2 protein chains.
Amino acid sequence: MPSRLIVSRELADLFRLLAHADRLRLIEDLRGGEKDVTGIAQSLDLPATRVSQHLALLRAQRLVEERRDGRNHFYRLAHPHLAAWVLDALPFIDIRQRLEDADHIDTARALWSVADRNPH
Amino acid sequence: MPSRLIVSRELADLFRLLAHADRLRLIEDLRGGEKDVTGIAQSLDLPATRVSQHLALLRAQRLVEERRDGRNHFYRLAHPHLAAWVLDALPFIDIRQRLEDADHIDTARALWSVADRNPH
DNA sequence: CCAATGTCTGCAAAAGTTCGCAGGCGTGCA
DNA sequence: TGCACGCCTGCGAACTTTTGCAGACATTGG
């Protein structure tokens, strides 16, 4: 029964792709809709080259899709539900370290949620 | 607004912990309830030392809890819902490579689900 | 007490990831 | 055509993770 092994490897690849704070922020940033590389770089405060490198990884596993318009490359989530699923992981993080109790998870979720689409 | 950065780092740590095929299999293996190290090692077909190393990582981030009985250490999921959440990621894996279409996701999910608690 | 068993930890080599930088490619504007 | 812009890729250095192995520790049975 090798399917299990195959599936676990596929899932591990996905988790590895998500195992980087900047890529997670990027995914949350795309929740509002498509955005070009420079726009993402500005809102995450990262060099555009690095954003492009992250996007190349996400693209390789079809987590984002690209649309070109002139010299700009616009990216969007291939699965819009992905961002919500990522936030569903909040209950599993070890809250002892930096957050005090379960209420703060809600605070964090709120902070990161739809309402908050201003500069930063 | 640094909370966002903090949360994304916490989430990235969690994803990094899950970004290993054997640890994912381990988590799925514990879905059925607690199990000792040797038992896990047998059902995953891995050396017990390695299982212990993986468990040490999962323990450090409070994803599993330990109960000792004599010389055996029994482990269980700290959040039983974790295993289900992991499987919710199946729609996001890139299915072109080894699986043909969406039906196979269901097959994979079924293969890995509750019914399947026989040897392997 | 001694030996066997089940598990844990430390270490170092191998493998993998991240990051900055240099240079390349395509597009648009003067 | 030439230049600036937006983005992409390749490369090497620094860092992190994985793995097997050797040895340690605690518990149990003889």
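Letters A, B, ... mirror the listed sequences (proteins, then strands); counts begin at 1. Note that the coordinates shown come from a computational prediction; the quantities given were computed from them, not determined experimentally.
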(request) Please state how far atom CZ in F74(A) lies from atom P in dT27(C), giving the value in whole angstrom units. (result) 15 Å
(message) If you define the side chain from C-beta out and look only at heavy atoms, does anything of F15(A) sit under 4.5 Å from V86(B)?
(response) yes
(message) Between Y75(B) and dC8(C), is there a contact of a side-chain N or O with OP1 or OP2 at under 4.0 Å?
(response) yes
(message) Let's see if you can work this out: which of dG6(C), dC8(D), dC8(C) has an atom nearest to the side-chain heavy atoms of H73(A)?
(response) dC8(D)
(request) First locate atom CG of L63(B), then atom CG of L58(B), and finally report the distance between them rounded to the nearest 0.5 Å. (result) 6.0 Å
(message) Test of understanding: with salt bridge (charged side-chain N to carboxylate O under 4.0 Å, His left out), list the residues that count as partners of R67(A), not counting sequence neighbours.
(response) E34(A)
(message) Counting primed atoms plus P, OP1 and OP2 as sugar-phosphate and everything else as base, spell out the protein contacts along nucleotides 14-27 of chain D at 4.0 Å heavy-atom distance: B, S or - for each nucleotide, 5' to 3'.
(response) ---SSBBB-----B
(message) From C-beta outward on V37(A), which listed nucleotide comes closest to its side chain: dT9(D), dC8(C), dC8(D)?
(response) dC8(D)
(request) Take the protein atom CD of E66(A) and the nucleotide atom C1' of dG6(D), then report the distance between them rounded to whole Å. (result) 12 Å
(message) Restricting to side chain to side chain donor-acceptor pair (under 3.5 Å), what partner residues turn up for R68(A), sequence neighbours left out?
(response) E66(A)
(message) If I take atom CG in residue D36(A) and atom P in nucleotide dC8(D), what distance separates them, rounded to the nearest angstrom?
(response) 10 Å
(message) Between the side chains of E28(A) and R25(A), is the shortest nitrogen-to-carboxylate-oxygen separation below 4.0 Å, so that they form an ion pair?
(response) no
(message) Nearest 0.5 angstrom please: Q61(B) CD to L57(B) CG, how far?
(response) 8.5 Å
(request) Measure the distance from CG on L24(A) to C1' on dT18(C) and round it to the nearest whole Å. (result) 15 Å
